[in-house]
Amino acid sequence: MAASIIDGKEIAARRREQVRVRVAELKTRGVTPGLAVVIVGEDPASEVYVRMKEKACAEAGIYSEKHVLAADTSQSELLGLVGQLNARDEIHGVLVQLPLPDHIDEDAIIEAILPDKDVDGFHPISVGKMVIGQETFLPCTPHGVMVLLEESGVDLKGKEAVVVGRSNIVGKPVALMLLSKHATVTICHSRTEDLPGVCRRADVLVVAVGRPEMVKGDWVKEGAVVIDVGVNRTDDGLVGDVEFDAAAKRASAITPVPGGVGPMTIAMLMENTRVSAMRHAGLE
Ligand code: GUN
């Protein structure tokens, strides 16, 4: 079977256009969504992501501001800035780009962001609400994975979904989201016994481990849907966590890297920021 390619670029562009139209409508009601992005230090990958977020805001008609802090910024200075952004009415989303320098406690920063401005969906209150199925901001990358599956017409009910990776940012939340769509979910990690065997059970295989081409083509069940969240820079360019060519021979559908999950993250961030602005204006 030759897999169809799940075009994240195209799906994300459609979602972003939808956000643009809704933001324009909001503006006619006197509300301009605003996103503040904070970056500490000079991680090149983070700088690229932050630039992409700013560009996406501009295209969506969302006000954005970038706060660039030196790598030696103290935790209390950063907490001070988060507090100021929390207090500003024109800012509806506060995003502190991760990772942070080692001397800063990431959890403390995430917890300082007001849950109603937590457009990343990382605050423990946001996470807790997601776990129990209450409405909240969903973290952008796993939410993007779910939109890709939905847009590809994948019916998850009763299906075997296997998630490889258990990070707080992707693995754990995507597993819960798959569960909420009635999949039977297995979460695998570095200590899973017979990882290839577990992967071969998957009707839907989501891989988020951050290791180039770790999941081999023959770990993919014939006809499975494969979502590759990995973005790894190698000498051969960007590759995912899945051995793409071999996996594509067996899968029914697969995301490419780049152009699969990546573009969805920003589209979902734009959507969360729009929703936050609506909620703050009491327009929901
Ligand atoms: N670093 C990598 N991905 C993300 C993300 O989605 N949000 C934030 N804040 N930092 C990240």
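When a ligand or atom number is given, it counts from 1 through the structure's own listing order.
- The only member of V164, L205, V257, V215 that meets side chain to side chain contact (heavy atoms under 4.5 Å, CB included) when paired with V242 is V215.
- Defined by atom type and a distance below 3.5 Å, a donor-acceptor pair is missing between the side-chain atoms of D228 and T255.
- Between the side chains of T28 and E25, no donor N or O sits under 3.5 Å from an acceptor N or O.
- Checked against a 3.5 angstrom limit, the closest N/O atoms of D120 and ligand 1 fall inside it.
- Side-chain atoms of E65 and Y63 form a donor-acceptor pair, as typed in the model, at a separation below 3.5 Å.
- From the protein, the heavy atom lying nearest to atom 10 (N) of ligand 1 is L98 N, 3.0 Å.
- Between L95 and ligand 1, no N or O atom pair is found at a separation short of 3.5 Å.
- Below 3.5 Å of separation, one finds an N or O of Q97 facing an N or O of ligand 1.
- Around NZ of K55, the count of heavy atoms belonging to other residues, nucleotides or ligands within 6.0 Å does not exceed 12.
- Close approach of ligand 1 to V96 is summarised as follows: ligand atoms under 4.0 Å from at least one heavy atom of the residue are 8 (C), 9 (N).
- Close N/O approach between F122 and ligand 1 is not found [any backbone or side-chain N/O within under 3.5 Å].
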